[in-house]
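The structure appears below as structure tokens.
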Amino acid sequence: MTSAERVGSSILTAAIPAAMLICFFVLPFSIMVAVSFFERVQGAFFEPAFVLSNYERFLSPFFGSVLATSLLLAAGASVVSVAVAYPFAWMLVQFRRRGQTLILVFVLAVLSLSEVIIGFAWSSLLSRTAGIGNLLAFAGLVDAPRSYTPGLAALMLGLCYLGLPYAVLVIYPALSRLDPAIPEAARMLGASPLRAFLGTVVPLSRNTISGALILVFVFSLGAYLLPQLLGRPQHWTLSVHITDQAIFQSNLPFAAAMAVLFLMISLLLVGVSMLLGRQRS
Amino acid sequence: MNAAWFRALYTGGVIAFLAAPLIVVAGVSVNSQRSLVFPPEGISLSWYAELFVQSDWSSALINSLLIAIGAGLLAVAIALPLAVHAWATKSLLARALFGLGVAPFMLPPVISALGFMVFWISFGLYGNMLATVVSHGIFLVTLPLVTISIGLADLDELMIEAAQTLGADRRTVFRTVLFPMIRPYLVSGFAFAFVLSLNEYIIAYMVAGFSVETLPIKIFNSLRYGYTPIMAVVAVMFAAISACVFGLVGWFGNLPRLLGAERT
């Protein structure tokens, strides 16, 4: 028995958190899976049953287009965020520790901003009176200021804004662990900084990049308010429809079935990204 | 263009992109009129006072703070024994529990939100603030769990051994050696959970949104009825709170290390 074991190995220390997690996390998820087979009751929440009709609705063309929209939007946001965040994270690693901390504080602050605030801020920035529209008109590039929201471009911009700080924080630790002697060696042998970066850092962190792409993809899939604040109804994603069914259509069983599907997709993707992370270390 | 210039330009560009909406919102929040105009027309801080004066906004502020404090404390209370147990035994059970603690945070929040919603409906607490606090606490348990585990991994086991050799029992070792050494990690875990609970929307909304209005819910609800600069005030305040909290963590602790960087 090590000294650590003697301090914290009592089964009691784990019992309370285990009970809490099972009661408030495993149980809710189990109930949700059960509800996905229940029947909807008008005027109430749901009624125990075993029907597959909630899952059958996935086969409709409408649901297919919702799923395709969600996946495409998340994929786009993920690729753009990682493409911008990767070089940024590499440059961040080169800063002195004080500078790194300062930038990380800023990135964390942006990351923790509520989606409501991000949506509101971007709709102000893209509005006719308080942002880019004004600026362009002032610079004489357009005749009159106009609004750039809602629309697909505004939504994409918002999703990238959401994904970028997350991507930075996913990529940064892996790059900071990379041995700086390797790109340095490439530089000594006469490679330009760009070539040293592309020839050593990028290939060495290939798994980091794929892992980050997947994690940011799952993270963007979770965006719920931005599609409503910056997009049009045809841009509503799975997250929006789940809430819409649960709260406004009061069809909890169908919402639960969608959430179960969503859970499966996310678990699969997160599992793949963890495998990639294991290969890395 | 040489490398240093390019680096400054690129990092500066990304930071400017991240800062742009915040700058506009900060400008909008000091407008003297109730209008969405930037640059602001007339500087006035009256909207900052309105947040505390208008009762529907101030009650949302109080709800948000109560929930965030409660959820942060709960998350730490669950994470501490779990992290200590996982660190001490490294058993399969401990690792499974650890995975369970990290899971909610890795999944899209709407899934957990719906899970919590059907759970609280089944147990009759749907619409109660307690439901929001517990749901947030469980959802955010990941953060203290990760920070405390990092703290424990850095711990020098010889210190514990020394205490034990000198005759300290389990409780004394925990109280006098282990706890003081991981306290900073405990505090940063609480800080992370606090800030994220403050900003969290979807779980709070689905669990009790119609009866317990938090500030993010209040902003979204009022967006439907048009614009008020108080929204911008809240946005500025939240950004400032996050920056302060993370700034303090970075000042007193090793933020790069907390985020998983090793070579610093």
Side-chain angles (χ1 to χ4, degrees), chain A residues 3-5 7-9 13-14 16-18 20-21 24-25 27-29 31-32 35 45 84 87-88 91 97 100-101 104-105 108-110 112-117 120-122 124-125 127 129-131 169 173 176-177 193 221-222 224-225 239 242-243 246 252 255-256 259 262-263 266 270, chain B residues 3 7 11 14 18 21 24-25 28 36-38 78 81-82 84-85 88-89 97 100 104 106-111 114-116 118-119 121-122 134 138 157 160-161 164 170 173-174 178 195-196 199 201-202 216 219-220 231 235 238-239 242-243 246-247 250 255-256 259-264:
Chain A
S3 55
E5 274 174 56
V7 178
S9 66
T13 54
I16 296 165
M20 294 287 279
L21 284 176
F24 294 116
F25 179 58
L27 194 58
F29 271 63
I31 297 176
M32 184 175 78
V35 168
F45 290 119
V84 176
F88 181 76
M91 292 170 192
R97 186 169 146 211
Q100 282 189 32
T101 304
L104 285 172
V105 167
L108 271 173
V110 172
S112 59
L113 276 185
S114 177
E115 237 187 291
V116 188
I117 292 176
F120 163 66
W122 274 102
S124 313
L125 189 62
S127 72
T129 48
L169 291 185
S176 79
R177 271 183 240 139
L221 273 179
Y224 159 73
L225 288 163
S239 293
I242 291 176
T243 323
L252 271 171
F262 202 10
L263 178 66
S266 319
V270 170
Chain B
R7 196 181 77 159
T11 47
V14 171
L18 291 177
V24 170
V25 165
V28 166
L36 183 68
V37 186
F38 185 85
I78 298 174
L82 194 56
V84 169
H85 187 76
T89 65
L97 281 174
L100 206 57
M106 299 286 276
L107 299 169
V110 69
I111 302 174
L114 190 70
F116 287 130
V118 292
F119 176 79
I121 287 175
S122 308
V134 174
I138 299 284
E157 282 198 24
I160 294 166
E161 217 156 293
Q164 281 168 342
R170 177 180 293 175
V173 172
F174 183 81
L178 197 65
V195 167
L196 286 183
N199 283 282
Y201 174 86
I202 181 109
I219 296 181
F220 188 66
M231 295 168 187
F238 272 25
S242 315
F246 297 133
L255 196 60
L259 295 171
E262 246 140 52
R263 189 186 49 77
T264 38

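Lettering of chains follows the sequences in order, A, B, ..., and the numbering in each one begins at 1. As a basis for the values below, the full set of heavy atoms in this structure was taken, side chains included, without hydrogen atoms, waters or symmetry mates.
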Is B/L82 in contact with chain A via its backbone, its side chain, both, or neither, using a 4.5 Å heavy-atom distance? both
Top contributor to chain A contacts, counting heavy-atom pairs under 4.5 Å, from B/Y201, B/F238, B/F116: B/Y201
Could you please spell out the steps behind the side chain to side chain contact (heavy atoms under 4.5 Å, CB included) verdict for A/F29 and B/I111? CA-CA 9 Å; A/F29 271 63; B/I111 302 174; 3.7 Å; yes
Heavy-atom check, side chain of B/L114 versus side chain of A/L252, under 4.5 Å: yes
With distance as the sole test, does B/Q164 use its side chain to make a donor-acceptor pair with the main-chain N or O of B/V173 at under 3.5 Å? no
Do A/I117 and B/V25 make a side-chain contact, defined as non-hydrogen atoms from C-beta onward lying under 4.5 Å apart? no
From the list A/L263, A/V110, A/I242, the residue making the most non-hydrogen contacts under 4.5 Å with chain B is A/L263
Under 4.5 Å from a heavy atom of chain B, the part of A/F262 involved: both
With only heavy atoms counted, which part of B/S122 is less than 4.5 Å from chain A, the side chain, the backbone, both or neither? side chain
Heavy-atom pairs under 4.5 Å with chain A, option from B/L259, B/V195, B/I219 with the top count: B/L259
Does any heavy atom of chain A fall under 4.5 Å from the side chain of B/I138, the backbone, both, or neither of them? side chain
For A/V270, which atoms come within 4.5 Å of any heavy atom of chain B: side chain, backbone, both, or neither? side chain
Could you walk me through whether B/M231 and A/F120 pass side chain to side chain contact (heavy atoms under 4.5 Å, CB included), step by step? CA-CA 8 Å; B/M231 295 168 187; A/F120 163 66; 3.8 Å; yes
Quick one: which of A/G222, A/A121, A/P28 has the most heavy-atom pairs under 4.5 Å with chain B, could you say? A/P28
So A/L108 and B/L255, side chain to side chain contact (heavy atoms under 4.5 Å, CB included) or not? Walk me through it. CA-CA 10 Å; A/L108 271 173; B/L255 196 60; 4.1 Å; yes
Between A/L169 and A/L104, does the side chain to side chain contact (heavy atoms under 4.5 Å, CB included) criterion hold? Intermediate values first, please. CA-CA 8 Å; A/L169 291 185; A/L104 285 172; 3.8 Å; yes
With a 4.5 angstrom heavy-atom cut-off, which part of B/L196 approaches chain A: side chain, backbone, both or neither? side chain
